J.: 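Following this message is one structure expressed as C-alpha cells.
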Amino acid sequence: MVEVEPLARIVLTLMRFVVFGLSLGLTLISFQAYRKKQSDRLQYAFVGFAFISMGVAISSVITQLGSEAEQIILLFFQMVETIPFMIGFSMLYLSLYR
C-alpha cells in the first residue's frame, strides 16, 4: 500500500469539508426558498438537496474507514451510500420536471 503524505491527507480532508459545507449551504438556501414560497417544486428541491448532503456525509465517513474495514463491510457501506444520492437526485429531477 502507498503511504499518503500527511499534507495531502489534510488537503483532502479540507476539500471534503468544503464539499459538505457547499451541500449544506444549498440545502439551507432551498429550505429558505421553500419557506418563503411553499410550492411542490421547492419542496422537492429541498428534500433532494437534503438527501444529497446526507450522501456526501456518508461518503466522507466511508472514505475515512478506508482499508481498516473488512472488504465485505466496506462494500455494504458503499452500496448504502448510493441510496441517499439516488433519492436526492430523483427529488431534484421531480422538482425540475414538474
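All figures in this text were calculated on a predicted structure; none of them were measured in a lab.
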J.: To the nearest 0.5 Å, what is the distance between CD (Gln38) and CG (Leu42)?
T.: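 Between atom CD of Gln38 and atom CG of Leu42 there are 9.5 Å.
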
J.: Please determine whether residues Leu24 and Ile87 belong to a single hydrophobic cluster, defined as Ile, Leu, Val, Met, Phe, Trp and Tyr linked transitively by side-chain heavy-atom distances below 4.5 Å.
T.: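 Result: no, two separate clusters.
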
J.: Counting only heavy atoms not in Leu14, do more than 12 sit closer than 6.0 Å to its CG atom?
T.: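 It does: Leu14 CG has more than 12 such atoms within range.
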
J.: Same cluster or not: Val80 versus Met86, using hydrophobic residues (I, L, V, M, F, W, Y) connected whenever any side-chain heavy atoms lie under 4.5 Å apart?
T.: yes

J.: I need the minimum non-hydrogen distance between Ser95 and Ala45, along with the two atoms involved.
T.: CB-N, 3.6 Å

J.: Hey, what do you get for CD1 (Ile52) to CG (Leu26), rounding to the nearest 0.5 Å?
T.: 8.5 Å

J.: Could you give all pairs that pass the ring-ring contact (aromatic ring centres under 6.0 Å, His included) test and reach residues 35-61, with sequence neighbours left out?
T.: Phe31-Phe46

J.: Between Ser60 and Val56, is there a donor-acceptor pair closer than 3.5 Å when you use the side chain of the first and the backbone of the second?
T.: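 Yes, the answer is positive, given that a donor and an acceptor are paired below the 3.5 Å cut-off.
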
J.: Side chains of Leu12 and Arg16: does their closest heavy-atom pair fall under 4.5 Å?
T.: yes

J.: Among the clusters formed by ILVMFWY side chains lying less than 4.5 Å apart, do Phe20 and Val61 turn up in the same one?
T.: no

J.: Rounded to the nearest 0.5 Å, how far apart are OG1 of Thr82 and CD1 of Ile58?
T.: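 Thr82 atom OG1 to Ile58 atom CD1 measures 9.5 Å (nearest 0.5 Å).
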
J.: In the structure I gave you, are the side-chain heavy atoms of Val19 and Met15 within less than 4.5 Å of one another anywhere?
T.: no

J.: Taking the side chain as every heavy atom from C-beta outward, state whether Phe89 and Leu92 have any atom pair closer than 4.5 Å.
T.: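 Yes - at least one pair of side-chain heavy atoms lies under 4.5 Å apart.
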
J.: What distance do Leu22 atom CG and Thr27 atom OG1 have between them, rounded to the nearest 0.5 Å?
T.: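 The OG1 atom of Thr27 is 10.5 Å from CG of Leu22, to the nearest 0.5 Å.
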
J.: Do Ile83 and Met91 share a hydrophobic cluster, counting only Ile, Leu, Val, Met, Phe, Trp and Tyr and linking them when any side-chain heavy atoms are less than 4.5 Å apart?
T.: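 In one cluster: yes.
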
J.: Return the CD to CD distance between Gln78 and Gln71, rounded to the nearest 0.5 Å.
T.: 7.5 Å

J.: How far does OG of Ser53 sit from CZ of Phe85, to the nearest 0.5 angstrom?
T.: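 The distance works out to 9.0 Å.
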
